[in-house]
**Q** 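The structure that follows is given in the form of structure tokens.
What you are looking at is a predicted structure, and each value in this text was computed from that prediction instead of being measured. Chain naming here is simple, since letters A, B, ... match the order of the sequence lines and numbering starts at 1 in each.
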There are 2 protein chains.
Amino acid sequence: MAGLARYMAVLRLFSEGMPTWTVAEMADALQVPQSTAYRTVRDLLGEGLVEMSSEARYRLGPAFVEFDRLTRLTDPLMQAGAHVLRAIVQDAGVPAVALLCRLYGREVMCIADHVSPDASFSPSYERGKPMPLTQGATSKAILARLPAKRLSKLIGADAVETLRPELAVIRRAGFCLGRGEIDEGLAGMAVPIVCEAEGLVASLSLVVESHRLSGAREERLRHVVMNAAHEIEATLNQDHVGALRA
Amino acid sequence: MAGLARYMAVLRLFSEGMPTWTVAEMADALQVPQSTAYRTVRDLLGEGLVEMSSEARYRLGPAFVEFDRLTRLTDPLMQAGAHVLRAIVQDAGVPAVALLCRLYGREVMCIADHVSPDASFSPSYERGKPMPLTQGATSKAILARLPAKRLSKLIGADAVETLRPELAVIRRAGFCLGRGEIDEGLAGMAVPIVCEAEGLVASLSLVVESHRLSGAREERLRHVVMNAAHEIEATLNQDHVGALRA
DNA sequence: GGTCATATTCTCAAAAATTGAGAATATGGA
DNA sequence: TCCATATTCTCAATTTTTGAGAATATGACC
């Protein structure tokens, strides 16, 4: 294994189930001699990607927290949309979770969330959690606005065929409603957000308990989410124009 | 430049002031030929450390958001202390910001914050922001609990001499009050948190407007912060014992 | 302060990866 | 379709990485 991959292989060992590793364990898991593992860890340590816990164990380091902050500060979607989440949760009038998600590299990832204080259900998503590409209103709203070429590169031509009719409907409606696709008993409403100039394809979603979503309320919430999403989209395009002029 | 350093040099180019870069700009900034820069970016792209924005520009990628989440989920200090921040801000009874910070690699970094809804001042700190090592109550509370050897490795023997008396007082009091050391007009109260078994040296701080901190209120807030910090410390040691048994 | 076990760094020649310059291709608009 | 620019590729020279084990540091315990 060469170059960056060697380092990333070590970093990807760390998980929720096993947050600290000894060098011997790493060497064993990656099938490399200990001397090599030690050298790799020494480099990672020097860059702050790993830190030492006690007893010869290592943990992920401060660099990630720092780079994440930079991402939060500089992601245009984050800047345009973060404050909207609180607002739509409040507008919802029922226990709700608002999510801002985007196609990020090869995954759909949640990059911001807001849970209403009275929400008794636990949200399945949170900042930094990748989501299934082809399941749930959030992802579908994103896929619906992806150019055909990029879409098939992402999920494969077969999957595109299967989803095509559904995505066409979403694209036309500018809206997607999913019930229980991700979490049993929950419903998600998602609206796409696109900013070509920034290379962004994203969605704003509101998750509520399925049984609360009937008739007039569904109608009202749809408007809340759509208006908020369009506002974010407008801000994005506005900002970009501003950035170009500056 | 070799190995990891070559990749990190590229990543550290990204900043709040310049969040996207073209490959030509990177090559120029790092004084390497473009072909090399392209190869480096290709590797970073493959690992999700960088993503493409539009028009041949690159941005930091999803990997950082993902690793940050893992850090949030697995950092023992975070688990033990995150929920306490909201509580002490509420207890404070005046506009306040609560911070959980720790020695992380070679820096003191804020890893969690909570701002009271009525705070009119903007906090100078937030998750992911490194703080000056030798200034402010937050950092001093941490330094005060660092073993002598580690302390001088961190800030140098000279700085240790200068700070020694002050740190001795903090260590004995289990508490540190600083006025205007970081932000003019604000006061910080910090209490150290240590968990040897996890290799953690940290502090819990409460920041309020300086003029609100007089007499009885100072006394009361000191107790609020100290109690909360000790509770976190107890949880940490408890959890660690539990982890060992499991 | 000394002794042990274990963690970490070091050494060196062989093997593998990276480098730089420029040619060759891909890509995305007019 | 063509153009400009972005990106990948090629190849020999150079530099880095590798693996095994020896050498050294570290820290707990007596």
**Q** Between B:A2 and B:S35, just flag the one whose closest nucleotide in DNA chain D comes earlier from the 5' side.
**A** B:S35

**Q** With salt bridge (Lys or Arg N to Asp or Glu O under 4.0 Å) as the test, would you mind laying out the steps for B:E25 and B:R57 before giving the verdict?
**A** CA-CA 10 Å; B:E25 288 166 347; B:R57 304 195 75 86; 3.0 Å; yes

**Q** Whole Å only: how far is the OH atom of A:Y7 from the C1' atom of D:dT18?
**A** 12 Å

**Q** Check the distance between D:dT5's C1' and B:M52's CE and give it to me in whole angstrom.
**A** 12 Å

**Q** Taking the cut-offs as 6.0 angstrom to the six-membered ring centre and 45 degrees off its axis, would you call A:R59 and A:F14 a cation-pi pair?
**A** no

**Q** How would you label the contact of B:R39 with the nucleic acid (heavy atoms, under 4.0 Å): base, sugar-phosphate, or nothing?
**A** base

**Q** Return whichever of A:K149 or B:V32 has its heavy-atom-nearest nucleotide of DNA chain C closer to the 5' end.
**A** B:V32

**Q** Does the side chain of A:D43 come under 3.5 Å of the side chain of A:Y7 through a donor N or O and an acceptor N or O?
**A** yes

**Q** Quick one: pull up CZ in A:R164 and CG in A:L143 and give me the separation to the nearest 0.5 Å.
**A** 13.0 Å

**Q** At what distance, to the nearest 0.5 angstrom, does OG1 of A:T22 lie from OH of A:Y58?
**A** 9.5 Å

**Q** Distance check needed: D:dT16 P versus B:L4 CG, whole Å only.
**A** 15 Å

**Q** Chain A on DNA chain C: first and last contacting nucleotide, 5' to 3', under 4.0 Å to a heavy atom?
**A** C:dA7 to C:dT18

**Q** Taking atom P of D:dT26 as reference, at what distance in whole Å does atom CD of A:E55 sit?
**A** 18 Å

**Q** Under a 3.5 Å threshold, yes or no: a donor from one side chain and an acceptor from the other, between A:S205 and A:T138?
**A** yes

